[in-house]
Structures are given as C-alpha cells and as structure tokens.
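Accompanying notes for the structure given below.
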Amino acid sequence: MSKEQGSLSINSENIFPIIKKWLYSDHDIFYRELISNGCDAITKLKKLSIMGEFEEADDEKYQINVIVSPENKTIKIIDNGIGMTNDEVKQYINQIAFSGAEAFLAQYKDKTNEEQIIGHFGLGFYSAFMVADKVTIDTLSYKAGSTSVHWESEGGTEFEMAEGDKTTRGTEITLYLNEDSFEFSNEFRAKEVINKYCSFMPVEIYFTNADAPVEEKKEEEKKEDVIDADVDADGKAVDTEDGKDEEKAEDKGPKPLNNPTPLWTKHPNDCTEEEYKEFYRNVFHDFKEPLFWIHLNMDYPFNLKGILYFPKINTEYDSVEGTIKLYNNQVFIADNIKEVIPEFLMLLKGVIDCPDLPLNVSRSALQNDGFVKKISEYITKKVADKLSGMCKVEKESYEKYWDDISPFIKYGCLKDEKFREKMKDFIIFKNLEGKYITLPEYTEANKEKANDKIYYVTDLQQQSQYVNMFKEEGIDALVLTHNIDQPFISQLEQQDDKIHFQRIDADITDTFKENVAEGEEADQLKAETDALTELFRKVLNNDKLEVKVEKLKNENVSSMVTLSEENRRMQDMMKMYNMYGMDPSMFGTNVTLVLNANNKLVQYIFEHKEDDVTIFCEQLYDLALLSHKPLDPEAMTKFINRSNEIMLKMAK
Ligand code: ADP
Ligand code: MG
C-alpha cells in the first residue's frame with residue numbers, strides 16, 4: 001500500500017473547535033467513546049463467528065486493554081475485535097464520522113445555548129481530539145490476507161494513511177494528550193473515569209500503567225487481585241466473602257476493571273436476593289438495604305432492561321432523593337435524565353438499559369419523542385403493577401413498607417395521572433390505632449360520628465389533646481405527617497367532591513358538646529360567651545379575638561383553640577412560600593378560643609370577671625394555643641414566667 005495523504009472531507013474547517021466545545025464539561029467522555037468502539041468491534045466479530053463467517057480460536061479471549069503512560073502523556077486503547085481494512089478506515093473514519101460531524105454542525109451551528117447532547121452523532125471516535133493533539137490508529141482486519149493500516153491526524157483536518165506494522169487482529173488507538181488533558185494519563189484519574197462510564201461494558205477491560213516500576217506493578221496486581229473483582233462504579237472496594245478471596249488467590253493474573261455481565265442482563269429467575277442486594281450496594285454505596293426491587297426485562301416492542309430499587313428512608317424528615325442511571329447497551333449515559341425517566345421515579349435508585357433509545361439527539365428532541373414517552377409509560381406501569389400486586393397478595397409487606405414508600409407513591413399520584421389511576425385503590429392510611437385502612441374503610445367505620453369528614457392529625461404530640469378527645473368519643477383520624485400529605489389530600493378532594501379532609505383541631509363539633517336545651521340554658525351560654533369575649537379581648541389586648549363558650553362533655557378540658565381548615569391551609573401555604581411577615585389576619589386566619597363552660601377554672605373566671613383574673617386568662621389562652629402549635633419564643637418565655645409566678649402564689 002502506498003502512502004496516502006488527503007484532506008478530510010468536510011466543508012467546515014472548524015469542526016475541531018466545535019468538537020472541543022461539545023460536551024465541554026465532559027472531556028472525560030472520550031474514554032467511553034473509544035472503549036465502547038472497542039466493545040462494538042468485538043461484538044461484531046462475535047456475531048460473525050456465530051454466523052460462521054469467522055473462526056474463533058479455541059482459547060479466544062476477547063478483551064480491551066487500556067495502557068496509560070503518565071511520563072509520555074499517552075493513552076492506548078487496544079481491542080482484539082474486527083479491525084478495519086484500508087477501505088474501511090477511509091469509509092468509517094474519514095467519511096462516515098465526518099458526515100456525522102456535518103449533521104452535528106447543521107443542527108448546532110446556530111445554537112448559542114449550550115444544550116446538552118446525550119449521545120453523539122457518530123462522532124465518538126473524534127471525541128479523542130478533545131484531549132489529544134495527535135491521534136493514531138493501527139488496525140488489522142480479521143479478514144484473511146488483510147494488511148494493517150496506520151492512520152494519523154494532528155487534530156487539524158489533515159490526515160495521513162499508510163501501511164502499518166500491526167501483526168495482531170484488532171485496533172489500537174493512541175492518544176498524544178494535549179497540555180490541558182495530561183490528567184487522563186494519570187492512573188488514578190483514568191480508572192476513575194473508566195469506572196464511571198465503563199463499569200458494565202460487555203467486554204472485559206484491563207488496565208496497565210506502563211510507567212509503574214516492575215516491582216510495584218507486581219505488588220499492585222496482587223492488591224488488585226483481592227479488591228478489583230468487587231470494585232464498584234467508583235472504584236471503591238466492597239466487602240468480599242471469604243470463600244471468594246481464596247478462589248482469587250488461586251487464579252492469579254490481572255482482573256478486569258469492569259463487570260461485563262451486570263445483574264440486569266440476567267433473567268430475573270436467575271438472580272438471587274443476595275445478588276440484588278450486593279448489586280445495590282456496589283452501585284449506590286448505600287449501606288441500608290433496599291426494601292424491595294423491580295427487575296424490568298422487556299424485549300418487545302422495545303428493548304429495555306433494568307432494576308429499580310425502593311430505598312429505605314431513614315426518617316420521615318430525610319429528603320427522598322434517588323438516582324436512576326441510564327445505560328445504552330451497558331454503556332453509561334448519564335444519571336437522572338428527566339426526559340426519559342418519569343420525574344417521580346427519580347426518587348428511586350436504579351439502573352435502566354435501553355439500547356433502542358435514540359440518544360444521538362438533543363435533550364429537547366427526546367422530550368418530544370413518542371417512543372421515549374412509551375418507554376417512560378412502560379416503566380411507570382411496571383412500578384404501579386408491582387406495588388398494586390404487592391398490596392393485593394402481600395398485604396403485610398405492603399403495610400410494613402408503607403411508611404417508606406408512601407411519599408414516593410403520593411408524589412407519583414400528584415405528578416402522573418396514569419400512575420394515579422393505577423394506584424388510587426391501593427392508597428392506605430395509618431389510623432390512630434396504628435392500623436392501615438383505606439379511605440372507604442375510614443368513612444364506613446366513622447359514618448355515624450364523623451359528619452362526612454375525614455379527620456386527620458399532622459403531629460400526634462402537638463395535637464394530643466384533640467387526639468384524646470377523639471379517642472374518648474370513638475372517632476378515628478388518619479395520621480398524615482409527611483410534607484407530601486397536604487398537596488396529596490388536596491388532590492383527593494379535587495377529584496372527589498364527597499371527600500373533605502379536616503385536621504382534628506379545626507373545629508369542635510357537636511359530638512364533643514353536651515346537648516344544650518333551647519331557652520334558659522342556651523341564653524346563659526350566650527351571656528357567658530359575650531361576657532368572656534369582652535374580658536379576654538381586654539386582657540389579651542386583642543379586639544379581634546373570637547371567643548366561644550361551649551359545654552364540652554369532658555370537663556377537664558378548660559380551653560382550646562380552633563382554626564378552620566381553610567384558614568390553616570392558607571397559613572401553611574404562606575409558610576411554605578415563605579410569605580412571612582404578612583399579617584395572617586389579612587386572610588381572616590385568626591384562631592377561635594373555645595372555653596369549656598363545664599370546666600371549673602372557666603367557671604371561676606366567669607364568676608370573678610369583675611376582679612383581677614388577668615393571670616388566669618393569659619394562662620388559659622397560652623395553654624389553648626400550646627395544644628395547637630408551638631408558641632413563639634417570646635410567648636413561651638412569658639408563659640414560663642407566668643407559670644412560675646402561679647406556683648409561687650400557691651406556695652405562699
Ligand atoms: P459510531 O461508533 O457511532 O459508529 P464512531 O465515530 O465512534 O461512531 O466510529 C465510527 C466508525 O469507525 C465505527 O462505526 C466503526 O465502523 C469504526 N471504528 C471505530 N473504532 C473502531 C474499532 N476500535 N474497531 C473497528 N472499527 C472501529
Ligand atoms: Mg462509537
């Protein structure tokens with residue numbers, strides 16, 4: 001073959017600056033592109049072998065070798081795959097790649113926004129020029145009688161091609177790193193990047209540091225023997241079982257950096273519980289065990305495999321934050337791509353591998369892609385099926401996990417109509433006894449006394465006075481303590497106008513009151529209300545204060561405050577949107593002070609209203625507020641001082 005020279009067939013001379021800008025923050029991605037090209041080359045050869053077009057040696061061992069030289073600032077990526085003939089280099093490297101580049105240019109030349117591109121435009125190979133001044137290819141095709149080819153280019157639009165001296169089948173890419181990219185020949189950095197992108201690529205990847213002293217190299221290999229097979233995506237070692245260690249000690253020799261057969265590629269029937277848990281630990285570094293998982297395995301109408309884990313949430317205050325790692329044929333693409341994965345599913349932790357995804361497009365295009373929508377719907381359906389199935393057949397586990405999974409389910413219902421449709425009959429609530437019931441069950445059990453309301457508690461301690469009254473009267477309430485619950489119950493109300501939620505401190509309903517006869521008794525109560533309203537307004541210096549005197553069945557209760565459901569929700573909303581400093585009374589959100597005419601202290605105040613009863617009024621009001629929400633610091637100080645004063649009086 002004579003030496004050839006040529007100009008790369010591209011209209012624009014500016015392709016390299018653009019490639020350099022492309023995925024600017026992700027220069028490390030060249031490792032993924034070049035190693036995945038090596039995997040592709042090997043996969044192709046395996047296919048040819050199956051088709052009988054290539055005869056595999058008996059001891060054929062397909063692999064990719066990454067050799068770094070920190071001293072020479074070079075990286076070699078070597079595969080023993082299909083290789084390329086002279087014509088193929090011309091076609092695939094000189095032309096095809098550039099037509100990909102052209103498509104890329106056509107789409108992006110006018111775009112000033114730095115929209116992220118997920119895949120590539122057949123530009124994978126050229127990503128090498130993001131980090132290298134000079135790139136060479138040495139390749140020998142599997143085809144009988146092929147001559148090897150040497151290609152090189154110095155990052156311009158010029159290339160040189162000549163007969164090479166490679167004697168073994170496959171392709172060797174050499175990068176001569178540019179000044180800004182020396183880090184990638186550093187062993188630690190290189191392994192870090194390879195672990196990030198290539199942990200689960202389908203061909204074994206071996207790593208060598210050409211500059212490590214021979215002694216050290218041996219030592220290192222030994223160390224790696226123990227650690228490497230169980231190295232996770234970030235290169236951290238994970239516990240290995242003793243038995244395994246022994247096995248490893250026997251079969252010396254280097255270990256690959258990656259795991260070419262990740263768990264999701266296996267059939268669910270062939271995976272054990274321990275394997276699922278181990279995979280979870282390795283990939284997500286979560287020492288807490290997952291609650292349960294869903295293994296997705298679909299061939300038709302599209303290819304999709306993956307494992308979704310429901311993580312254990314530590315406390316109800318833990319923010320729920322998951323990670324869904326997206327792969328394309330075992331090549332890592334990115335975490336949490338919201339265009340493909342429904343938003344609420346990102347609360348889970350999982351891996352999804354979808355070879356059919358059109359990733360060589362921009363994110364905004366993905367968003368509008370019907371196919372992507374189908375994928376996303378399929379995942380949603382699978383998750384809903386798993387959950388509803390569990391509720392139907394494994395009610396006990398479902399209840400056991402409910403506190404952990406309910407924020408996720410409720411969020412899903414809020415965000416995704418299809419998910420809500422599928423899950424709506426499987427939403428359960430914890431009641432005051434700690435049992436799990438559905439809304440219809442609640443309504444049925446409380447239809448006599450609950451006035452068509454669904455009562456709920458948001459804080460069992462804070463609202464304990466009300467909780468006790470409810471228990472005494474035999475009325476149940478639901479415990480809704482999570483942030484997500486407020487928007488969730490609002491949605492339930494919107495969807496069914498027979499549903500009304502009311503927090504138990506919103507009102508004192510007739511159930512808790514004695515029957516008051518018309519006439520004298522009612523008039524008496526009215527008179528007390530008027531008198532005590534005037535008194536409390538004066539003492540508390542608040543002429544808007546609403547006071548109601550009621551005959552409560554429980555005479556131990558002296559005072560309570562109520563705040564109507566709507567007003568409280570309004571206040572909560574203001575808090576949520578940080579609308580502090582606004583006067584809540586603007587919205588009529590003042591509380592009502594309820595005084596119990598049956599209580600001895602209230603009776604005392606009424607009888608002595610002409611005397612100085614200030615201290616009693618203040619104390620009763622604070623006590624009532626306390627059972628509704630925490631006092632602000634100033635009010636709390638006053639309350640404590642006053643309480644001390646009262647005790648001192650008693651001591652005298
Ligand atoms: P893509 O992988 O998307 O096709 P690339 O730019 O990564 O785009 O590679 C272009 C083409 O060059 C590949 O399709 C393949 O035909 C050829 N090629 C690249 N690397 C190798 C390799 N290591 N072995 C054999 N062929 C390769
Ligand atoms: Mg490629």
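Order of listing sets the numbers, starting from 1, for every ligand and every atom in it. Bear in mind the structure is a predicted one, so any value in this text is a computation, not a measurement.
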>> Distance under 4.0 Å to a non-hydrogen atom of Gly124: what atoms of ligand 1 satisfy this?
In response: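 Per the distance check, 5 (P), 6 (O), 7 (O).
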
> Considering only heavy atoms of Phe125, which atoms of ligand 1 have at least one such atom less than 4.0 Å away?
Replying inline: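 Selected atoms, number and element: 5 (P), 6 (O), 7 (O).
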
> Should the proximity of Ile93 to ligand 1, defined as any heavy atom under 4.0 Å, be assigned to the side chain, the backbone, both, or neither?
Replying inline: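 For Ile93, only side-chain atoms sit under 4.0 Å from ligand 1.
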
> Just heavy atoms, cut-off under 4.0 Å: does Thr139 contact ligand 1 by side chain, backbone, both, or neither?
Replying inline: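 Under 4.0 Å from ligand 1, Thr139 contributes no heavy atoms.
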
> Between Tyr126 and ligand 1, does any nitrogen or oxygen pair lie at a separation below 3.5 Å?
Replying inline: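 So ligand 1 has no N or O lying under 3.5 Å from an N or O of Tyr126.
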
>> Within the 3.5 Å criterion, strictly below it, is a donor on Tyr411 or Glu343 matched to an acceptor on the partner's side chain?
In response: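 Looking only at side-chain atoms, Glu343 and Tyr411 do form a donor-acceptor pair, the distance falling under 3.5 Å.
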
>> Distance alone, cut at 3.5 Å: any donor-acceptor contact between the side chains of Lys382 and Thr380?
In response: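 Not at all, the side chains of Lys382 and Thr380 share no donor-acceptor pair under 3.5 Å.
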
> Are Lys381 and Glu421 ion-paired here, with the side-chain N under 4.0 Å from a carboxylate O?
Replying inline: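 No, this pair does not count.
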
> Are the charged groups of Glu172 and Lys76 less than 4.0 angstrom apart, N to O?
Replying inline: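 Lys76 and Glu172: salt-bridged.
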
> Considering residues at least two apart in sequence or located in another chain, which fulfil the salt bridge (Lys or Arg N to Asp or Glu O under 4.0 Å) criterion with Glu71?
Replying inline: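 Counting only residues at least two positions away or on another chain, Glu71 forms no salt bridge (Lys or Arg N to Asp or Glu O under 4.0 Å).
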
>> Run the side-chain contact (heavy atoms from CB on, under 4.5 Å) test against Phe188 and tell me which residues pass, sequence neighbours left out.
In response: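 Phe188: side-chain contact (heavy atoms from CB on, under 4.5 Å) contacts with Asn186, Glu192.
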
> With respect to atom 2 (O) of ligand 1, which of Ile42, Asn37, Ile137 exhibits the smallest heavy-atom separation?
Replying inline: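 Heavy atom nearest to atom 2 (O) of ligand 1 belongs to Asn37.
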
> Does ligand 1 have an atom that lies less than 4.0 angstrom from a heavy atom of Glu33?
Replying inline: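 False for this residue.
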
> Can an N, O or S atom be found in Ser36 less than 2.8 Å away from the Mg ion (ligand 2)?
Replying inline: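 No, outside the cut-off.
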
